[in-house]
Amino acid sequence: MSENILRYLQLKVTLEQARDSPGVVLTDYFTKMELISYASGIGAYPEYLINLHYSNEVPELEDFSIDGVFKVTSIISESESSALVIAQLHGPILVLIHQINECWIKTPTVLTNSNGLFLTIHGTTNGLKEFRDGIKNLFSDTVKMRITKDLKADWIATPQLPQRRKEVIDLAVERGYYKTPRECTQRELADELGVRQGTVAEHLQSAEGLIIESWSAQSNNS
């Protein structure tokens, strides 16, 4: 019975560890790829709703495809720096997940051209062990993985933040504001966002408060 308890696994793969993986080529086109939700499992390859970020040349996303890795099937919206698309993922990690009945990819799952891949998988104990064994055949033993306790006891959901507040805290995390020692200041974040330092401080304080309150409430109820 305990084998049917849903758990989650988190996997971190650096760009150096993934240098021989075909999916690493995506970082040549996008600064960040953020999985939003599952879209379809029909056919050989799964489809996902993905938020793409790019900072230099805007890629031509209509019919954008990289053989054996990635294919855009639908464009939901586009801007100068990002796009929301539905895309097939052909890489070995996603195909592995697709082939295992007892595990599913979830958020947060992000690929960046600075930190590599951070992946979250939900599944049964058996499903996650099968995924873990498959990953060991793809990457070296230095890849970091952990299977958690059951979701009810161990999963803390992130509270929904207003869009602008989320943008500020995402940038703070990306620039190393929360690292020790800090790698940037509120002033530097404000300059990059084109706002006052006080505005950044207000957004960070409010977001941090919501996250801490959510964590406290959920951990006390678990």
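The first residue in the sequence is number 1, and the count goes up from there.
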Open item on the list: Checking side chain to side chain contact (heavy atoms under 4.5 Å, CB included) between I50 and each of I86, L89, L84, I36, which is the one that passes?
Closed with: L89
Open item on the list: Are V95 and V24 linked, directly or through intermediate hydrophobic residues, by side-chain heavy-atom contacts shorter than 4.5 Å (ILVMFWY only)?
Closed with: no
- [ ] Any chance you could measure R132, atom CZ, to T125, atom OG1, to the nearest 0.5 Å?
- [x] 9.5 Å
Task: side-chain contact (heavy atoms from CB on, under 4.5 Å) between Y29 and V25, worked out - done: CA-CA 8 Å; Y29 297 90; V25 71; 4.3 Å; yes
Open item on the list: If hydrophobic clusters are built by linking Ile, Leu, Val, Met, Phe, Trp and Tyr wherever their side-chain heavy atoms come under 4.5 Å apart, do L35 and M33 end up in the same one?
Closed with: yes
Open item on the list: With rounding to the nearest 0.5 angstrom, report the CG to OG distance, L15 to S114.
Closed with: 7.5 Å
TODO: Please assess L204 against I169 for the test side-chain contact (heavy atoms from CB on, under 4.5 Å), listing each intermediate value before the final yes or no.
DONE: CA-CA 6 Å; L204 292 179; I169 203 164; 4.2 Å; yes
TODO: Kindly say whether G127 contributes a backbone atom to a donor-acceptor pair with the side chain of E130 at under 3.5 angstrom?
DONE: no
Task: D67 CG: over 12 foreign heavy atoms closer than 6.0 Å - done: no
Open item on the list: Counting C-beta onward and ignoring hydrogens, is there a side-chain heavy-atom pair between V168 and L189 closer than 4.5 Å?
Closed with: no
Task: Rounded distance (nearest 0.5 Å) linking atom NE2 of H98 with atom NE2 of H90 - done: 10.0 Å
Task: Contact check, side chains of T199 and R164, non-hydrogen atoms, under 4.5 Å - done: no
Task: Over 12 foreign heavy atoms within 6.0 Å of CD, E202 - done: no
Task: salt bridge (charged side-chain N to carboxylate O under 4.0 Å, His left out) against E188, all qualifying residues, sequence neighbours excluded - done: none
- [ ] Would you sort out whether Q17 and K12 count as a side-chain contact (heavy atoms from CB on, under 4.5 Å), showing the intermediate values?
- [x] CA-CA 10 Å; Q17 291 165 334; K12 184 175 182 180; over 6 Å; no
Open item on the list: Once rounded to the nearest 0.5 Å, what's the spacing between atom CG of L9 and atom CG of L119?
Closed with: 8.0 Å
Task: hydrophobic_cluster_shared for L96 and L117, side chain cutoff 4.5 Å - done: yes
Task: Side-chain touch D133/N137, heavy atoms, less than 4.5 angstrom - done: no
Task: Heavy-atom neighbours of F118 CZ exceed 12 at 6.0 Å - done: yes
- [ ] Indicate whether the side chain of T124 and that of R7 have a donor and an acceptor atom separated by less than 3.5 Å.
- [x] no
Open item on the list: Could you report the tightest heavy-atom contact between H53 and E34, atom names first, then the distance?
Closed with: NE2-OE1, 4.2 Å
Open item on the list: Membership question, hydrophobic clusters at under 4.5 Å side-chain separation (ILVMFWY): are I105 and V110 in the same one?
Closed with: no
TODO: Considering non-hydrogen atoms only, spot the tightest contact between L61 and A83 and give its length.
DONE: CD1-CB, 3.4 Å
Task: I76 side chain reached by L49 side chain, heavy atoms, under 4.5 Å - done: yes
Task: 4.5 Å side-chain heavy-atom contact, L52 and S82 - done: no
TODO: List the steps and the verdict of side-chain contact (heavy atoms from CB on, under 4.5 Å) for H122 and C103.
DONE: CA-CA 6 Å; H122 288 190; C103 69; over 6 Å; no
Open item on the list: For a quick test of reading the model, state the closest non-hydrogen atom pair linking C184 to R175 and the distance between them.
Closed with: SG-CB, 3.7 Å
Open item on the list: Applying a strict under-4.5 Å side-chain criterion to I, L, V, M, F, W and Y, I'd like to know whether V72 and V69 cluster together.
Closed with: yes
Open item on the list: Using side-chain heavy atoms (C-beta onward) and a distance below 4.5 Å, is Y48 in contact with V85?
Closed with: no
Open item on the list: Is the ring pair F64/F70 parallel, tilted or perpendicular, if the boundaries are 30 and 60 degrees?
Closed with: perpendicular
Open item on the list: Under the ring pair (Phe, Tyr, Trp, His ring centres under 6.0 Å) definition, can you give me all pairs with a residue in residues 178-211, not counting sequence neighbours?
Closed with: none
Open item on the list: With no hydrogens and no angle check, just 3.5 Å: does a side-chain donor-acceptor pair link E47 and Y38?
Closed with: no
Open item on the list: Tell me the closest heavy-atom pair linking E78 and I75, and the distance in Å.
Closed with: CG-CG2, 3.6 Å
Open item on the list: Checking the side chain of R182 only, and the main-chain atoms of K179 only, is there a donor and an acceptor separated by less than 3.5 Å?
Closed with: no
TODO: Quick one: pull up OG in S21 and CD1 in I93 and give me the separation to the nearest 0.5 Å.
DONE: 6.0 Å
Task: Spacing of OG1 belonging to T31 relative to CG belonging to N113, to within rounding of 0.5 Å - done: 5.5 Å
Open item on the list: Are the side chains of T120 and Y8 in contact, using a 4.5 Å heavy-atom criterion?
Closed with: yes
TODO: Determine the interplanar angle of the Y54 and F30 rings, folded into 0 to 90°, and report it as parallel if under 30°, tilted if 30 to 60°, perpendicular if over 60°.
DONE: tilted
Task: Heavy-atom check, side chain of E167 versus side chain of L171, under 4.5 Å - done: no
Task: Note: E174-K32 ion pair, threshold 4.0 Å (strictly below) - done: no
